[in-house]
Amino acid sequence: MIELKQISKVYGSGNKKTTALSGLDLTIGKGEIFGIIGHSGAGKSTLIRCINLLERPSTGEVWINGVQMTRLGKKQLQKERRRIGMIFQHFNLLSSATVYDNIAFPLRLSGTPKSRIDEKVKELLALVGLEQHGSKYPAQLSGGQKQRVGIARALASEPDVLLCDEATSALDPQTTDSILKLLLDINKQFNLTIVLITHEMHVIQSICDQVAVIHQGGIVEQGPVANVFLKP
Ligand code: ADP
Ligand code: ADP
């Protein structure tokens, strides 16, 4: 369902060029939890941001469900992006909006009717276990609760893919495990494809089906987690 073909990304120009990705190919199947692991600077963040074209690849093609994302104009891209949710290391919530309004935000942007928004936000609050917290502000929540809001907001437009950019790196080990469990539940419940980047082996081993190891902008190893990494 996700296919990256010969993706390269070069930042800067002249003698200040940095090659973040070079000729990278990757195929991710529907319903998979696909982990991408690598050291700092390997190109993980650039790679995941190329999937939803937050970063435009310098060369190569990004295909999602048979649509070539790299070919789309601005307007079409905006529409197609609703099929791709994303969560972040530092949550990226609106601090002046309540939990409810953070989750409702993408629904309001897409012009969803008010009654449907209310129904959907309540459903999402229940899904992530925050029924009692809709009227709070992000500053009143723990890190794990903030990431639950991030997940609910990402799922509001019922995406086919969820991209997770170091989503548990700011959380303690116990909270990390509860967020990973939630991601696994959501993957099973909606057959949602999840792509996650991390520098933590534990994250890969606890929920991923497939893993790719990225080094200096290229995939150096790939396969089922049990084949690539022996269990400790
Ligand atoms: P990772 O997420 O694995 O740490 P990144 O994708 O952030 O790796 O970075 C890959 C390489 O690209 C690094 O050398 C980094 O310095 C460089 N890079 C990332 N973003 C930019 C940018 N906006 N401008 C210039 N260089 C960048
Ligand atoms: P439908 O055919 O109505 O979409 P589904 O079984 O796909 O039925 O969904 C059942 C419920 O779960 C619906 O209320 C829908 O809004 C919600 N749902 C489906 N997919 C997702 C998703 N990826 N994220 C959040 N909620 C979802």
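First listed ligand is number 1; within each ligand, the first listed atom is number 1.
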> Judged by modelled atom types alone, do N102 and Y137 share a side-chain donor-acceptor pair under 3.5 Å?
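Checked: N102/Y137 side chains show no N/O donor-acceptor pair below 3.5 Å.
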
> Quick test of your reading: applying salt bridge (Lys or Arg N to Asp or Glu O under 4.0 Å), list the pairs with at least one residue in residues 8-17, sequence neighbours left out, ordered by first then second residue.
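Residue pairs passing salt bridge (Lys or Arg N to Asp or Glu O under 4.0 Å), neighbours aside: K9-E55.
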
> Does NE2 in H202 sit with more than 12 non-hydrogen atoms of other residues, nucleotides or ligands closer than 6.0 Å?
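Enclosed: over 12 neighbouring heavy atoms sit under 6.0 Å from NE2 of H202.
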
> I'd like the contact residues of ligand 1, where contact means a heavy atom below 4.0 Å.
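Only Y11, T18, A20, H39, S40, G41, A42, G43, K44, S45, T46 have heavy atoms that fall under 4.0 Å of ligand 1, ordered by chain and number.
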
> What I want to check is whether the side chains of T46 and Y11 have a donor and an acceptor closer together than 3.5 Å.
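Judged by distance alone, the side chains do pair up.
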
> Could you check whether Q89 and D165, counting side-chain N and O atoms only, form a donor-acceptor pair closer than 3.5 Å?
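D165 vs Q89: no donor-acceptor pair found between side chains.
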
> Assess, by modelled atom type and distance only, whether the side chains of D172 and T175 contain a donor and an acceptor separated by less than 3.5 Å.
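Distance-only check passes for D172 and T175.
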
